[in-house]
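The analysis underlying the following values was restricted to heavy atoms, covering all of them including side chains, and did not include hydrogens, waters or symmetry mates. In the text below, chain A, chain B and the rest are named by the order of the sequence lines, each starting its count at 1.
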Amino acid sequence: MAAYDFDAIELKWQKRWETDRVFNVTEDPARPKFYNVCMYPYPSGDLHMGHVRNYTYGDLITRYKMMRGFNVLSPFGWDSFGLPAENAAIETGIHPRTFTETQIARMTQQIKRLGAGYDWDRELAAHEPSYYHWDQWLFLKLYERGLAYKERAPVNWCPKDATVLANEQVVDGLCDRCGTVVEKRDLSQWFFKITDYAQRLLDDLEGLQWPERVVTMQRNWIGRSEGCQFTMQVADSDLSFEVYTTRPDTSFGMTFAVLAPEHPLVPALIEGQEVQHEAEAYITAARAATEIERVAEGDKSGVFTGRYAINPVNGALVPIYIADYVLMGYGTGAIMAVPGQDQRDWDFATKYGIDIIRTVQPPSDFEGEAYTGDGPAINSEFLDGLEMDAAKAKTIEWFEAKGIGYGTINFRLRDWLISRQRYWGCPIPMIDCPDCGLVPVPEEDLPVIHPDIDDYAPGGRSPLASSPEFVNVDCPQCGGPAQRETDTMDTFVDSSWYFLRYADASNDEAIFDPDKVKYWMPLDQYIGGVEHAVLHLLYARFITKFLADMGMVGVQEPFARLFTQGMIQLEGGKMSKSKGNVVTPDRFIESHGADALRLYHLFIGPPTEGAIWSERGVDGTSRFLDRVWRVATGEVGQPESRPETDADRGILALAHRTVEKVTEDIDRFVFNTAVAALMALSNALTSYARDGARQETLDEVLRLMLLMLSPMAPHFAHELWERKGFAGMLVYHAWPEPDPALLVEETVTMVIQIDGKVRDRLDVSASISADEAEAAALATEKIVGWTDGKTIRKVIVRPPNLVNIVVGE
RNA sequence: GCCGGGAUGGCGGAAUGGUAGACGCGACGGACUCAAAAUCCGUUGUCCGUAAGGACGUGUGGGUUCGAGUCCCACUCCCGGUACCA
């Protein structure tokens, strides 16, 4: 049993904060604002420990920044469209809306029981018409500006279930429901033209206070490369194709060319060739594979088309292959292959017995296969002797002079495919008219309400297609019979702007009031899982830039400071509902209370790193709170009023050093060591109280302790604050400042090493000089013993911490 | 495969290139108790040694340095992402 009735105390303060509207805020130009958001969750039904970790960090920041004098906005919402609700509906027949709203109700209760402070007036949920109305509006704006377009693209298709599958539903190339081999089917689908923003998305990464690893991942994902595109003529025909290469300098080393299996030229190329059947079978197989399988090393495969292309730099004939390690989605879908300088090409050439010509001289100690580094060009006629960059430039010049190629910039980033052949998502507000073509739904007709249907399973067409009342409409342009778009939007569309809606969440006239958004944006802190490092964060940046271009948002970047937390693991696997290893917070709140649970989350390890959930961990933080409680409620020792002694000054100095340490740790987002420092203070305080505390000192140390605990274990801290009779409600109190005079340490332990090994220690004055330190170190009994009869070659002195005596041989 | 990250006692973890293992869990010993729980006190990296003390020790192999968990090179394994999980 805990030393205090956490259940009663926690409920009491949760109610108090709610009635006092402590976390409900409005724009206030007089105060500095702080906009703090945790990534909104998918309502999966139960809070898991990853959520608790997230909201514990978020709430710590909210409360800490409030104590620092900021007008803090901390809202909450739900990413409530998505696949799981639809799957549940297919399995159980429960409507996805009912299912989702039940889950939301359940999770809301759990979140409130954690005691995290949110402005619930701004709560939003993506599946509500009041929200997805503006998804549709956003789509129309993108369409108006030519940033939404329709094009054919493949989807995963299970022929047995006659349904479209998400990548997640394809396991080892098989349908995860029935085990049938999954195929690809081409469907006409909507894309957002994020590639128009590629350069800006890359450039604006500079200057963000983001973890370096996330910036690197985004930079690599956008994948800007400078290279050269040129035309390759197919021998004995008038066919030709374009290739893109980042290494035009290696053109003389081209010994084959490769087309992606989906390349439009392929059918014409293999038509009538001996290999036609083999090639067609290969193409079918390649289309069935996932991209990851296709580009994986080790089993590169392809087929020779029987045709040759002409290498424009030297007129050599090179065989044309079809191989699935070349992707249609990148560059031109065709490459010149230079096995001497590219490992993938090397692997392929080795497997198929193709010539390898080195065109860059590797260093003499090079032992690898393909050499991708810099060096003088060889076997390359007019390039010979040039270093890589010069050779690149000269080749591009040569291509441009001949009019067969040009220098160009390429991005790895592809346009964002937003069409989903699913029920539980936002309807795309477009109408297909046989006379007028694609016609947008007029803004005044929004929202296009999501219809109720009976069969949620995506069959040969999108589920929404099964509702004739939904599909059949009058064309807004000509009034004739027309049909609605039946695909829904990727849920990443919902999550790419929700943080803007929080600023004006109940606006039913517009997506938001730009003035309110301009007050709150950008987010001063965004906290979420590291698994969102690329997709969500990139899409949100894109949409923010788009709305900024419309003049509706005042910033180019939505998330000024980002924190990505590591994932909580449970014996070797990520916690997720699908893996059935979710640990909910409920039983820990029942047995130890929300504060002890929150504190354990802060203590479990560095926030950036993953952590393994330990069943007993909460015991430790719970015992810590108990100890503080006992001291604060006078159960330890008999404090009295008396003159100040060294012991009193000692504990007070420790408290101030702890304030300094905890403040630093919070500012650099490292909470485990902050909690450890508070535990150390509590241990010292307990001994101090037992050995006879001075009342005034004890109260002051406790006061500082409660202030520091306030953002971490808020109910506990508030209750003791009130019981001790300290003034006001703790949440409104200012964060403590350490007294510099109390931070100075007078003596330190100096380490004495011989050849880098610790041989003795000495307590010295913190202001000891180098000469004094050296003399003192050489004079200790142990050191005299170690150095006796040896030559001292050198002494490294770093006063007051260390002396290293180099003896050697 | 590619991109990003990680590896330190029995366990979670701490450590501006300068005392490896803070803080906590667990375990062991003790106090209190009829007993147990709770609480409190102590011990706790490994090996040798009665002790004093010593040797070894941060995934593996090299390197830089007076000094490396920390920096560099090459690996191994684990985790996240890989564009329709969110």
Problem - Touch class at under 4.0 angstrom, heavy-atom based, for A:Ile604 against every strand present - result: sugar-phosphate
Practice task
Check the angle between the aromatic planes of A:Phe348 and A:Tyr325 and answer parallel, tilted or perpendicular using the 30° and 60° thresholds.
Solution key: tilted
Completion exercise
Sorted by chain and residue number, the salt bridge (charged side-chain N to carboxylate O under 4.0 Å, His left out) partners of A:Asp665 (sequence neighbours excluded) come out as A:Lys661, A:Arg668
Exercise for the section: Using the P atom as the reference point in each nucleotide, state the distance between B:G13 and B:G18 in Å, no decimals. Expected result: 22 Å
Exercise for the section: In whole angstrom, give me the gap between the P atoms of B:C28 and B:C78. Expected result: 34 Å
Practice task
Report yes or no: do A:Arg759 and A:Asn804 form a side-chain donor-acceptor pair below 3.5 Å?
Solution key: no
Exercise for the section: Provide the distance between the two P atoms, one in B:G69 and one in B:A15, to the nearest whole Å. Expected result: 15 Å
Practice task
Would you mind classifying the nucleic acid contact of A:Val155 as base, sugar-phosphate or nothing, using non-hydrogen atoms under 4.0 angstrom?
Solution key: base
Exercise for the section: Mind checking the SG-CZ spacing from A:Cys426 to A:Arg420? Nearest 0.5 Å is all I need. Expected result: 12.5 Å
Exercise for the section: Could you state the atom-to-atom distance from OH of A:Tyr42 to P of B:C85 in whole Å? Expected result: 13 Å
Problem - Passing candidate, side chain to side chain contact (heavy atoms under 4.5 Å, CB included) with A:Val493, options A:Ile418, A:Ile428, A:Ile543, A:Thr488 - result: A:Ile418
Practice task
For atom CG of A:Asp172, decide whether the heavy atoms of other residues, nucleotides or ligands shown that lie under 6.0 angstrom number more than 12.
Solution key: no
Exercise for the section: Check every strand shown and say whether A:Ser419 touches a base, only sugar-phosphate, or nothing at a heavy-atom separation below 4.0 Å. Expected result: base
Exercise for the section: Sticking with atom C1', work out how far B:G9 lies from B:U43, rounded to a whole angstrom. Expected result: 15 Å
Handout entry: Residues that A:Tyr498 engages under ring-ring contact (aromatic ring centres under 6.0 Å, His included), provided they are two or more places apart
Key = A:Tyr40, A:Tyr502
Completion exercise
The side-chain hydrogen bond (donor to acceptor under 3.5 Å, both in side chains) partners of A:His532 (sequence neighbours excluded) come to none
Exercise for the section: With side chain to side chain contact (heavy atoms under 4.5 Å, CB included) as the test, would you mind laying out the steps for A:Glu485 and A:Lys150 before giving the verdict? Expected result: CA-CA 11 Å; A:Glu485 169 67 58; A:Lys150 208 169 187 186; 3.0 Å; yes
Completion exercise
Here the distance between atom P of B:A38 and atom CD of A:Glu635, to the nearest Å, is 17 Å
Practice task
Check whether the side chains of A:Ser495 and A:Asp79 place a donor and an acceptor atom closer than 3.5 Å, and report yes or no.
Solution key: no
Exercise for the section: Could you give the distance separating B:C25 and B:U19 at their P atoms, to the nearest angstrom? Expected result: 26 Å
Exercise for the section: Supply the atom-to-atom distance A:Gln421 CD to A:Arg185 CZ, rounded to the nearest 0.5 angstrom. Expected result: 11.5 Å
Handout entry: Distance between P atoms of B:A68 and B:U60 (Å, rounded)
Key = 16 Å
All N/O pairs under 3.5 Å across the protein-nucleotides 14-16 of chain B interface:
residue : atom : partner  : partner atom : Å
B:A14   : OP1  : A:Asn672 : ND2          : 2.8

Practice task
Could you provide the dot-bracket string of RNA chain B, using ( ) for intrastrand pairs, [ ] for crossing pairs and | for bases paired to another strand, with Watson-Crick or G-U pairs below 3.5 Å?
Solution key: (((((((..(((.....[....)))((((((.......))))))((((....))))..(((((..]....))))))))))))....
Practice task
May I ask you to say what A:Arg213 touches in the nucleic acid, namely base, sugar-phosphate or nothing, with a heavy-atom cut-off under 4.0 Å?
Solution key: sugar-phosphate
Exercise for the section: For A:His532, report the nucleic acid contact type (base, sugar-phosphate, nothing); a contact means any heavy atom under 4.0 Å. Expected result: base
Practice task
Consider only side-chain N and O atoms of A:Asp760 and A:Thr780, and report whether a donor and an acceptor are under 3.5 Å apart.
Solution key: yes
Practice task
Find which nucleotide of RNA chain B each of A:Gln169 and A:Ser687 is nearest to by heavy atoms, and output the residue with the more 5' nucleotide.
Solution key: A:Ser687
Fill in the blank from the handout: The glycosidic conformation of B:G9, counting syn as within 90° of 0 and anti otherwise, is syn
Handout entry: A:Arg420 side-chain N/O to B:C84 phosphate OP1/OP2 under 4.0 Å
Key = yes
Exercise for the section: Using a 4.0 Å cut-off on protein heavy atoms (strictly under), produce a 5'-to-3' string for nucleotides 50-57 of chain B with B for base contact, S for backbone-only sugar-phosphate contact, and - for none. Expected result: ---SSSS-
Practice task
Using a 4.0 Å heavy-atom cut-off across all strands, classify A:Trp416 as base, sugar-phosphate, or nothing.
Solution key: nothing
Fill in the blank from the handout: Rounded to the nearest 0.5 angstrom, the OG-CD distance for A:Ser188 and A:Glu151 is 8.5 Å
Problem - Under-4.0 Å salt bridge between A:Arg344 and A:Asp347 - result: no
Exercise for the section: Under the salt bridge (charged side-chain N to carboxylate O under 4.0 Å, His left out) rule, collect the residues that match up with A:Arg53, sequence neighbours excluded. Expected result: none
Problem - Residues that A:Arg224 engages under salt bridge (charged side-chain N to carboxylate O under 4.0 Å, His left out), provided they are two or more places apart - result: A:Glu226
Exercise for the section: Pick base, sugar-phosphate or nothing for A:Val534, based on heavy-atom distances below 4.0 Å to the nucleic acid. Expected result: nothing
Completion exercise
Picking from B:G80, B:C84, B:U19, the nucleotide nearest the side-chain atoms of A:Asn156 would be B:C84
What N/O pairs connect the protein and nucleotides 66-72 of chain B at under 3.5 Å? Give each pair on its own line.
residue : atom : partner  : partner atom : Å
B:C66   : O2   : A:Asn804 : ND2          : 2.4

Handout entry: Whole-angstrom distance between B:U46 and B:G57, as gauged at atom C1'
Key = 7 Å
Under 3.5 Å, which N/O atoms of the protein pair with N/O atoms of nucleotides 44-48 of chain B?
none

Name the pairs: protein N/O against N/O of nucleotides 23-30 of chain B, kept only if under 3.5 Å.
residue : atom : partner  : partner atom : Å
B:G24   : OP1  : A:Asn683 : ND2          : 2.8
B:C25   : OP1  : A:Arg623 : NE           : 2.8
B:C25   : OP1  : A:Arg623 : NH2          : 2.9
B:G26   : OP1  : A:Arg616 : NH2          : 2.8
B:G26   : OP2  : A:Arg623 : NH2          : 2.9

Handout entry: Trace of the ring pair (Phe, Tyr, Trp, His ring centres under 6.0 Å) decision for A:Tyr371 with A:Trp346
Key = CA-CA 10 Å; A:Tyr371 176 67; A:Trp346 175 287; over 10 Å; no
Practice task
Would you sort out whether A:Gln169 and A:Asp176 count as a side chain to side chain donor-acceptor pair (under 3.5 Å), showing the intermediate values?
Solution key: CA-CA 5 Å; A:Gln169 297 172 302; A:Asp176 73 340; 4.9 Å; no
Problem - Residues in ring-ring contact (aromatic ring centres under 6.0 Å, His included) contact with A:Tyr539, at least two apart in sequence or another chain - result: A:Trp416, A:Phe492
Exercise for the section: Classify the angle between the aromatic ring planes of A:Trp497 and A:Tyr131 as parallel (below 30°), tilted (30 to 60°) or perpendicular (above 60°). Expected result: parallel
Practice task
Name the nucleic acid region contacted by A:Phe492, choosing base, sugar-phosphate or nothing; use a 4.0 angstrom heavy-atom cut-off, strictly under.
Solution key: base
Handout entry: Interatomic distance at C1', B:U70 relative to B:G21, whole Å
Key = 15 Å
Exercise for the section: Look at all strands and tell whether A:Gln189 reaches a base, only sugar-phosphate, or nothing, counting heavy atoms closer than 4.0 Å. Expected result: base
Fill in the blank from the handout: CH2 (A:Trp157) and SG (A:Cys175) are apart, to the nearest 0.5 Å, by 11.0 Å
Completion exercise
Closest of B:A86, B:G4, B:C84 to the A:Asp79 side chain is B:A86
